[in-house]
2 protein chains.
Amino acid sequence: MMNASRQNIPVTAADRVLQEMQRAIVEGDIAPGSKISEPELAKRFDLSRAPLREALARLERCHLIERIPNAGARVVKLSTAGLLSLYQLREELEGLACRLAATQMTDAEIAEMQALLDQHLSTQRVREGESYYQEAGDLDFHYRIILGSKNPYLINILTDELYHLMRMYRVQLGMNGPRVSRAFDEHKAIINAIANRDGELADLLMRRHVAASRRNIEPTLLEREQTGN
Amino acid sequence: MMNASRQNIPVTAADRVLQEMQRAIVEGDIAPGSKISEPELAKRFDLSRAPLREALARLERCHLIERIPNAGARVVKLSTAGLLSLYQLREELEGLACRLAATQMTDAEIAEMQALLDQHLSTQRVREGESYYQEAGDLDFHYRIILGSKNPYLINILTDELYHLMRMYRVQLGMNGPRVSRAFDEHKAIINAIANRDGELADLLMRRHVAASRRNIEPTLLEREQTGN
DNA sequence: CTTAGACGGATTGTCGACAATCTTGTTTTT
DNA sequence: AAAAACAAGATTGTCGACAATCCGTCTAAG
């Protein structure tokens with residue numbers, strides 16, 4: 001019904017440019033607020049402006065750049081208001097995803113997630129503090145629940161349109177705090193609620209989980225704001 | 001922060017093609033499921049394929065067409081599953097919009113909406129049965145509340161990405177039922193809750209309002225499905 | 001008879017160049 | 001001196017043509 005895969009194998013040149021620019025913007029390789037020059041980027045990626053503009057259109061779609069007709073595109077700037085708006089939406093949507101997943105996920109999918117969580121937990125205990133694995137595990141957890149909702153529009157919004165922007169906030173604000181161990185317990189509680197087919201509880205727990213994640217990076221942004229970026 | 005205006009004045013050729021194709025698809029002028037031929041459309045609109053492809057990219061963004069790399073685009077097909085998924089999301093998002101609007105809208109904005117509702121109510125009584133005015137009034141009501149949330153991402157999703165698809169379902173399934181008068185009462189109750197700054201109640205009422213709207217077109221789609229479109 | 005492979009036609013993806021528009025710095029006018 | 005008008009430069013939007021890929025059909029082998 002719809003392209004819902006997060007990691008699409010790049011088949012076209014525009015796909016490759018899109019992926020590389022997503023990475024570059026999310027990781028701050030291209031500074032927030034900086035202007036995007038089409039001729040410059042075309043030269044840098046060694047291709048024509050046609051596929052580049054296709055990539056820019058998709059970057060706009062996931063809110064990483066902002067375009068103005070006849071005036072060009074700029075990389076998005078992080079802001080407290082933006083973070084708040086983004087997480088307001090994310091709490092609501094991931095909560096909904098949990099509620100739907102509680103009735104839509106198959107027993108097999110649930111069992112697989114529980115097994116994966118236990119596996120992640122053990123590797124996390126071994127490599128304490130390695131936030132990379134935590135990061136990947138966390139993303140995979142949320143990703144599977146979102147897919148479990150079986151709602152294509154919801155999946156599209158969360159995995160294609162808001163996902164990269166959320167990563168941008170987390171990466172640029174250095175989300176590697178002491179939540180590593182607590183997040184696992186919260187994940188476990190959520191998947192248990194889904195296994196019990198308790199959508200209401202799963203919804204509630206996920207909203208709290210997302211809210212906790214927001215509160216974890218909020219102070220960083222606030223202090224950054226006071227120092228004038 | 002973001003382009004959040006629903007009726008953007010078309011400044012570029014791609015904008016004009018986009019608007020015309022949105023209308024054509026929503027109103028069924030181009031049959032659901034039919035293939036989109038770029039050369040054919042370019043000839044029909046008398047322009048090159050470059051702005052046409054830009055328009056197609058945006059049509060995909062609002063879920064009116066589906067593209068497959070190197071294989072072309074097809075107009076989206078209506079389905080019961082799609083309608084259900086769409087309204088699941090809409091209930092959640094418009095409910096959230098209400099909750100936010102209850103704290104974010106200014107007194108002036110609320111007063112203006114109340115005045116507009118009374119005005120619509122009187123004209124509706126005069127032109128009983130004219131569903132066009134009801135349609136426009138209903139859209140305007142929802143549109144203003146969505147804007148009132150002041151959340152740019154929420155606004156973008158509802159007014160740019162899901163709006164046209166919702167219209168497509170309503171138009172093609174002939175949403176002109178006997179809900180005309182009841183909708184006004186529900187609108188009135190919602191705006192009153194917002195005026196009282198009662199976000200929880202406004203949220204609840206809006207979810208019910210959207211659910212009622214869904215139940216109004218659901219049977220039409222079901223019977224259509226049985227007769228094999 | 002079924003299935004694998006190749007060929008032809010059409011469609012999509014990409015390219016380089018031109019035209020329209022905006023930005024910036026200067027000049028002119030009030 | 002401040003504001004408006006103008007001009008140069010650069011950037012975006014659009015065009016027509018070429019290259020790469022896919023779809024359907026036919027042929028040929030098992």
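In what follows, chains carry the letters A, B, and so on, assigned in the order in which the sequence lines appear, proteins first and then strands, with residues in each chain numbered from 1.
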Check every atom of [options] against the side chain of [X] and return the nucleotide holding the closest atom.
X	options	result
A:S48	C:dT14, C:dC22, C:dA17	C:dT14
A:R49	C:dT14, C:dA17, C:dC15	C:dA17
B:P51	D:dT14, C:dT14, D:dG13	D:dT14

Do the side chains of [Y] and [X] get nearer than 4.5 Å, heavy atoms only?
X	Y	value
B:H63	B:L86	no
A:L173	A:Y169	yes
B:L52	B:L47	yes
B:I155	B:S149	yes
A:R144	A:L116	yes
A:Q88	B:L100	yes

Roughly, in whole Å, what's the span from [atom1] in [X] to [atom2] in [N]?
X	N	atom1	atom2	result
A:L52	C:dC15	CG	C1'	13 Å
B:R53	D:dT14	CZ	C1'	14 Å
A:F45	C:dG13	CZ	P	19 Å
A:L41	C:dC15	CG	C1'	17 Å
A:N70	C:dT24	CG	P	15 Å
A:D46	C:dT14	CG	P	13 Å
A:R74	D:dT11	CZ	P	13 Å
A:R16	C:dG13	CZ	P	13 Å

Let me know, please, whether A:P69 or A:D15 comes out on the 5' side of the other along DNA chain C by nearest nucleotide.
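In this pair, the answer is A:D15.
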
Can you pull out how bent the helix from C:dC1-D:dG30 to C:dT30-D:dA1 is, comparing the axes over its first five and last five pairs, to 10°?
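The end axes of the helix from C:dC1-D:dG30 to C:dT30-D:dA1 are about 20° apart, to the nearest 10°.
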
Can you pull out the residues from residues 33-40 of chain B that lie within a 4.0 Å heavy-atom distance of DNA chain C?
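Of all residues in residues 33-40 of chain B, the ones placing a heavy atom under 4.0 Å from DNA chain C are B:K35, B:I36, B:E38, B:P39.
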
Should the pair B:E92-B:R207 be classified as a salt bridge under the 4.0 Å nitrogen-to-oxygen rule?
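Yes, B:E92 and B:R207 are salt-bridged.
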
Would the A:H209 and A:H187 ring centres measure less than 6.0 Å apart?
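Yes, close enough.
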
Heavy-atom donor-acceptor pair, A:R74 side chain to A:G33 backbone, under 3.5 Å:
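Checking the backbone N and O of A:G33 against the side chain of A:R74, a donor-acceptor pair under 3.5 Å is found.
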
Indicate whether OP1 or OP2 belonging to D:dT12 is found under 4.0 Å from a side-chain N or O atom of B:T12.
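For D:dT12, neither OP1 nor OP2 has a side-chain N or O of B:T12 closer than 4.0 Å.
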
